[in-house]
There are 2 protein chains.
Amino acid sequence: MYSEPMMALARQDHTPGEIGSGDGLASVFRRQAEERFEPGAAVFWEGDAAAHLFQIIEGVLRVYKIIGDGRRVITGFLYPGDLVGLSQRRCYLYTAEAVTRVKLRRVTRSRFDEEVNGSPTLRPELFARLSDEMEAAQDQMVLLARKSAEERVASFLLTIARRASAHMNNQRPLELPMTRLDMADYLGLTIETVSRIMTRLTSRGVIAASGRHAIVVRQPLKLEILAGEGDDSAHDPIAVAYSRQAVWPN
Amino acid sequence: MYSEPMMALARQDHTPGEIGSGDGLASVFRRQAEERFEPGAAVFWEGDAAAHLFQIIEGVLRVYKIIGDGRRVITGFLYPGDLVGLSQRRCYLYTAEAVTRVKLRRVTRSRFDEEVNGSPTLRPELFARLSDEMEAAQDQMVLLARKSAEERVASFLLTIARRASAHMNNQRPLELPMTRLDMADYLGLTIETVSRIMTRLTSRGVIAASGRHAIVVRQPLKLEILAGEGDDSAHDPIAVAYSRQAVWPN
DNA sequence: CGCCTAATTGAACTTGTTCAAGAACTGTGG
DNA sequence: CCACAGTTCTTGAACAAGTTCAATTAGGCG
């Protein structure tokens, strides 16, 4: 059994990055006290008056909407450096909840608007973040509208792997702090389907479980192909050959 | 057989509105020549250098992404007043194509940035539009992740009905300029499923076909309930009673 | 009026869901 | 440190919603 090269995960995304590295917007929050949230605690609820904006210092947040009969859709997971509560509405249009223990800083909306609006360096930065968020939302629409369950899970793992490798934890176990239910509600699937596919990916040797909340990506190229990112690989004969070879790793 | 009141469609959305009505951003485009696109013509392709921004003067555009093996996802339909090509990337990340005959105006990105960035009235307007776009994207994620085929089609019709009624064509035939394939690719369904559900809605008297590209919404309240907008109706005993009554219109 | 594409309709099938156990991790307390 | 309890996760079998494939019908435009 072999191990695929890790480079496959490298990407040229301009991710928010750890706080401080080119994150001018962090300056708006820097003087605020840190607040702490235990897993499961809500930072705010859908419908609350949208009085504040938050920046995550540490931990992971899930952002979701609920429709009628308890169906939940997680629209995103937010990581250190990300902003929460951006919206020009009177009320938040989603709930934000801690997945792990979370530390964050808060500023009032008026303070934030004032400070960003007055700064010619901060403005484009905020704008760029909104664009990134929009891009992510569109990718998610593609995933939800047209990808199979396996492609969804593979895409999800890949996204997480890329974020992690961008943040230097390049090697070993990849943290999956959220539960299977969170993943399901993010991917538009059920718990059971997510579980079955994780199992299948494991038994095929694409990933390896490392406890319930961490995995190792053993075959990043294979994962990219399974994610159905028509990108390049789909038409690249080398990658395709590679995939054929990788189909039977055991 | 009765007809439900039309008020059900009224909404307090701050939609872009027809050009001119509170659309300061139109001023950026006003001096540009109108360009015309025939149905099916692309305004730009995913991957093109993102050199320009556009404002729709007339007609409807579809914006979509393609993955690998020709699967298409329409991420939105754009109407007069809407901006196209907003994005901080070097390249467009989706294709924009005329659904109907379209008239639009174009400005270079640098010109747009310059003009908007220099204006304290335009900036928040642009920001508000991005927020609206983000909100729409999130609603679409909810639709795609957790709604049934019938709920998706009902939601879609409702959205169109609301846009139309906001624009004063309050009464009769609602234009559906896109094909069934467009609807399917927007709703994450197949042509056949969309067709079946349109037929079912018609036979139940919720809507009435008026040629292939127009319908009349006969029972707006029923449509709202079918759309599964947990909003209020789900818990409002009156609306629920109304829906029970309306289940058997024939 | 007639052709051509788009839309409808039916039947078989597939993917993912639902329902129902059972297994495994986490963390708590003895 | 181990055992227990509670939850989360996995696994299987039956089911259902939507897809696929294959005609058929209906619009719309020349």
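Just so it is clear, the structure is predicted and the values come from calculations on it, not from any experiment. Order of the sequence lines sets the chain letters (A, B, ...), proteins ahead of strands, with each chain counted from 1.
Looking at which nucleotide of DNA chain D each of B:Ile197 and B:Glu192 is closest to, the 5′-most match is held by B:Ile197. Each of A:Ala149 and A:Gly211 was assigned the nucleotide of DNA chain C with the nearest heavy atom; the assignment lying further toward the 5' end belongs to A:Ala149. Both A:Lys147 and B:Met198 lie near DNA chain C, and the one whose nearest nucleotide falls closer to the 5' end is B:Met198.
The stretch residues 194-214 of chain B participates, sequence neighbours left out, in no ring-ring contact (aromatic ring centres under 6.0 Å, His included) pair at all.
Between B:Asp185 and A:Arg146 there is a salt bridge, since a side-chain N of the basic residue sits under 4.0 Å from a carboxylate O of the acidic one. With respect to A:Arg71 and A:Asp69, a salt bridge is recorded, a charged nitrogen being found less than 4.0 Å from a carboxylate O.
No hydrogens or angles considered: nothing links the side chains of B:Thr199 and B:Thr202 as a donor-acceptor pair under 3.5 Å.
Here B:Leu189 lies in heavy-atom contact (under 4.0 Å) with sugar-phosphate atoms only. Within 4.0 Å (heavy atoms only), A:Ser195 reaches at least one base atom of the nucleic acid. A:Thr193 comes within 4.0 angstrom of a base, heavy atoms only.
Under the 30°/60° scheme for interplanar angles, the aromatic rings of B:Tyr94 and B:Phe44 are found to be tilted.
The base of C:dA6 lies outside donor-acceptor range of the side chain of B:Arg180, with no N or O pair under 3.5 Å.
In this structure, B:Leu104 and B:Phe37 approach most closely via the heavy-atom pair CD1-CE1, 3.6 Å.
Look at CD1 on A:Ile191: it is 14 Å from C1' on C:dA20, rounded to the nearest Å. Look at CZ on B:Arg146: it is 13 Å from P on C:dG16, rounded to the nearest Å. Put simply, NE2 on A:His213 is 9 Å from C1' on C:dT26, counting in whole angstrom units. Distance, B:Arg212 CZ to C:dT8 P: 6 Å, rounded to whole Å.
Nucleotides of DNA chain D that come within less than 4.0 Å of any heavy atom of chain B span, from the 5' end to the 3' end, D:dG18 to D:dG28.
A side chain to side chain donor-acceptor pair (under 3.5 Å) with B:Arg106 is found for exactly one of B:Glu34, B:Glu35, B:Gln55, namely B:Glu35.
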